[in-house]
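Take a look at the structure set out below.
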Amino acid sequence: MNLLTRELNLQLRDGYEKEEGYEEKENDLYTFVVSTPEVDRYGTIIVPSGIDYTAYLNNPIVLAQHDSDKWPIGRCLGFAMNGENLEATIQIECITEEGKKLNKLINAGFVKAVSVGIIPVEYEEQTIDGSKVTV
């Protein structure tokens with residue numbers, strides 16, 4: 001597979017400031033790999049260099065379990081390419097009990113990964129290691 005790779009600097013959302021009354025936590029900022037050019041558990045590949053997250057940065061909320069019916073548990077401060085992997089730096093909200101609990105779970109090593117939700121604009125079927133894969 002031929003992937004276009006590009007180096008990006010961390011792009012912070014314009015006007016980023018902590019809200020009044022926000023309880024500062026020493027370690028509420030985390031950087032996660034959010035997409036790689038490898039086959040994921042759904043048998044698909046999301047090409048990191050092809051993700052357009054410009055509109056997302058207008059309201060960069062992080063949802064628990066992709067559940068948009070609930071309040072966000074954090075916000076994304078920006079993205080950076082690390083080789084062929086896309087990384088996101090997120091801040092967990094430590095205002096609600098759910099956010100405080102998540103922050104503790106990450107710090108304790110129980111939560112080690114995040115996932116992205118996307119709307120594909122282009123895709124193709126490829127055969128990789130004998131399996132059909134949507135890229």
Side-chain angles (χ1 to χ4, degrees):
M1 174 173 21
N2 201 358
L3 292 177
L4 172 68
T5 60
R6 56 190 161 146
E7 295 301 316
L8 298 175
N9 293 323
L10 182 65
Q11 298 181 5
L12 293 178
R13 177 175 55 94
D14 290 337
Y16 165 70
E17 293 178 16
K18 287 194 161 88
E19 280 79 16
E20 185 178 325
Y22 182 81
E23 183 181 341
E24 181 70 35
K25 295 293 180 187
E26 185 175 344
N27 38 346
D28 63 351
L29 297 177
Y30 305 94
T31 298
F32 289 97
V33 173
V34 295
S35 186
T36 71
E38 305 297 322
V39 178
D40 61 24
R41 65 181 151 201
Y42 298 105
T44 62
I45 295 175
I46 300 169
V47 180
S49 61
I51 297 173
D52 180 4
Y53 42 80
T54 307
Y56 171 74
L57 287 176
N58 291 325
N59 186 28
I61 59 173
V62 177
L63 301 170
Q65 310 300 325
H66 301 274
D67 189 349
S68 60
D69 290 334
K70 294 187 178 175
W71 292 103
I73 49 88
R75 60 181 157 195
C76 178
L77 301 181
F79 295 97
M81 291 296 293
N82 184 357
E84 293 183 336
N85 297 336
L86 181 64
E87 295 181 345
T89 297
I90 65 171
Q91 180 178 34
I92 301 301
E93 62 86 359
C94 293
I95 301 165
T96 66
E97 289 307 312
E98 183 180 27
K100 290 175 187 176
K101 181 178 180 179
L102 175 60
N103 197 50
K104 288 178 183 177
L105 288 169
I106 294 171
N107 281 304
F110 289 98
V111 176
K112 298 179 181 180
V114 299
S115 62
V116 296
I118 64 157
I119 301 170
V121 292
E122 271 184 53
Y123 65 92
E124 66 182 25
E125 294 292 326
Q126 294 183 7
T127 302
I128 300 174
D129 295 331
S131 297
K132 290 251 184 216
V133 175
T134 302
V135 179

Inset, instruction - Answer yes or no: are there more than 12 heavy-atom neighbours, outside Gln65 itself, under 6.0 Å from its atom CD? - result: no
Legend entry - salt bridge (charged side-chain N to carboxylate O under 4.0 Å, His left out) involving Glu97 - partner list, sequence neighbours excluded: Lys100
Inset, instruction - Using the test side-chain hydrogen bond (donor to acceptor under 3.5 Å, both in side chains), find all partners of Thr96 that sit at least two apart in sequence or belong to another chain. - result: Glu93
Legend entry - For Tyr56 against Cys76, the heavy-atom pair lying closest together: OH-CB, 3.5 Å
Legend entry - Distance, nearest 0.5 Å, that separates CG of Leu102 from CD1 of Ile92: 4.5 Å
Legend entry - Candidate pair Ser49 and Glu84, rule side chain to side chain donor-acceptor pair (under 3.5 Å), full reasoning: CA-CA 7 Å; Ser49 61; Glu84 293 183 336; over 6 Å; no
Legend entry - Test side chain to side chain contact (heavy atoms under 4.5 Å, CB included) applied to Ser35 and Val47, Ile46, Asp40, the passing residue: Ile46
Legend entry - With Tyr30 via side-chain hydrogen bond (donor to acceptor under 3.5 Å, both in side chains) - residues at least two apart: Asn103, Asn107
Legend entry - Min side-chain heavy-atom separation Ile45-Val133 under 4.5 Å: yes
Pair up each side-chain donor or acceptor in residues 117-124 with any protein partner under 3.5 Å, not counting sequence neighbours, and list the distances.
| residue | atom | partner | partner atom | Å |
| --- | --- | --- | --- | --- |
| Glu124 | OE2 | Gln126 | NE2 | 2.4 |

Inset, instruction - Measure the shortest side-chain to side-chain distance between Thr36 and Val33 over non-hydrogen atoms and say whether it is less than 4.5 angstrom. - result: yes
Legend entry - Straight-line distance of Arg75 CZ to Gln91 CD, nearest 0.5 Å: 4.5 Å
Inset, instruction - List the atom of Pro48, the atom of Met81, and the distance in Å for their closest heavy-atom pair. - result: CB-CE, 4.0 Å
Legend entry - SG-NZ distance between Cys94 and Lys104, expressed to the nearest 0.5 angstrom: 9.5 Å
Inset, instruction - Return yes if a side-chain donor-acceptor contact under 3.5 Å exists between Asp129 and Ser131, otherwise no. - result: no
Inset, instruction - Report yes if the side chains of Ile90 and Leu77 come closer than 4.5 Å at any heavy-atom pair, otherwise no. - result: no
Legend entry - Minimum heavy-atom distance His66-Ser115, with the two atoms named: NE2-OG, 2.7 Å
Inset, instruction - Could you tell me which residues satisfy side-chain contact (heavy atoms from CB on, under 4.5 Å) with Asp67, sequence neighbours excluded, listed by chain and number? - result: Asp69, Lys70
Inset, instruction - List, by chain and then residue number, the residues other than Leu63 in its hydrophobic cluster (Ile/Leu/Val/Met/Phe/Trp/Tyr, side-chain heavy atoms under 4.5 Å); write none if there are no others. - result: Ile61
Inset, instruction - Determine, using the 4.5 Å side-chain heavy-atom cutoff (strictly less than), whether Val39 and Tyr42 are members of one ILVMFWY cluster. - result: no
Legend entry - Flag, side chain of Asn82 to backbone of Asn85, donor-acceptor distance under 3.5 Å: no
Inset, instruction - Would you tell me whether Thr89 and Thr31 have side-chain atoms, one donor and one acceptor, within less than 3.5 Å of each other? - result: yes
